[in-house]
Structures are given as C-alpha cells and as structure tokens.
Amino acid sequence: MLSLTQLEEIINYWRQQRPATGEECSLSPEVNVLAGLYAMMIYERRHELALEHLDTQARQLVESWPGRG
C-alpha cells in the first residue's frame with residue numbers, strides 16, 4: 001500500500017532529483033505523474049492506494065524511491 005504521506009515524500013524526492021525548469025517552472029515528467037496521482041487521491045479522499053492500482057510509470061517511480069522499505 002502507498003499512503004498519502006509516502007506519496008508526498010516521493011514527490012519531494014523526485015522534485016529534488018528533477019527540479020522544475022524554465023521561467024514557467026514546469027514540473028518534470030516524473031513529478032507531473034506523481035502530482036496527478038496525488039490530486040486523484042485528494043479528490044477521492046483516499047488515504048492510501050494499493051500499488052497494483054498504479055499505472056506502470058507511477059509504480060516504477062514509487063519503487064525507485066530510496067525511502068521505500
């Protein structure tokens with residue numbers, strides 16, 4: 001399971017790895033994917049989500065987070 005708190009930590013990790021760029025401060029593709037997932041969880045008032053419900057790209061980003069234990 002992926003908690004909302006963990007997702008926030010993962011987003012912050014990826015923001016450090018791939019900071020926003022340009023004058024418009026565009027999010028990196030990695031952060032953009034995770035931000036969409038975060039927004040969906042907030043909208044649906046979910047506190048956690050099963051990893052098997054993530055799309056491939058989001059799952060790979062979560063699984064490559066060093067804090068995953």
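Predicted, not measured: the structure shown is a model, and the values here were computed from it. Counting from 1, the numbers follow the sequence of the chain as shown.
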Please tabulate, one pair per line, all N/O donor-acceptor pairs under 3.5 Å involving side-chain atoms of residues 4-14, not counting sequence neighbours.
residue: Q6; atom: OE1; partner: S3; partner atom: N; Å: 2.9
residue: Q6; atom: OE1; partner: S3; partner atom: OG; Å: 3.4
residue: E8; atom: OE2; partner: Y38; partner atom: OH; Å: 2.9
residue: N12; atom: OD1; partner: R15; partner atom: NH1; Å: 3.4
residue: N12; atom: ND2; partner: E8; partner atom: O; Å: 3.3
residue: W14; atom: NE1; partner: L61; partner atom: O; Å: 3.4

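- Screening residues 26-41 for salt bridge (Lys or Arg N to Asp or Glu O under 4.0 Å), with sequence neighbours left out, gives R18-E30.
- Take A50 and apply the side-chain contact (heavy atoms from CB on, under 4.5 Å) test, not counting sequence neighbours, and it matches M1, E52, H53.
- Applying the salt bridge (Lys or Arg N to Asp or Glu O under 4.0 Å) definition to pairs two or more places apart or across chains, those involving residues 34-46 are E44-R46.
- Partners of R59 under the salt bridge (charged side-chain N to carboxylate O under 4.0 Å, His left out) rule, at least two apart in sequence or in another chain, do not exist in this structure.
- L27 CG to T21 OG1: the interatomic distance, rounded to the nearest 0.5 Å, is 9.0 Å.
- Qualifying side-chain hydrogen bond (donor to acceptor under 3.5 Å, both in side chains) partners for S64, counting only residues two or more places apart in sequence or in other chains: none.
- Side-chain atoms of E48 and L2, non-hydrogen and from C-beta on, never get closer than 4.5 Å to each other.
- Shortest non-hydrogen contact noted between A58 and L34 is O-CD2, 4.5 Å.
- The shortest side-chain heavy-atom distance between L49 and M40 falls under the 4.5 Å cut-off.
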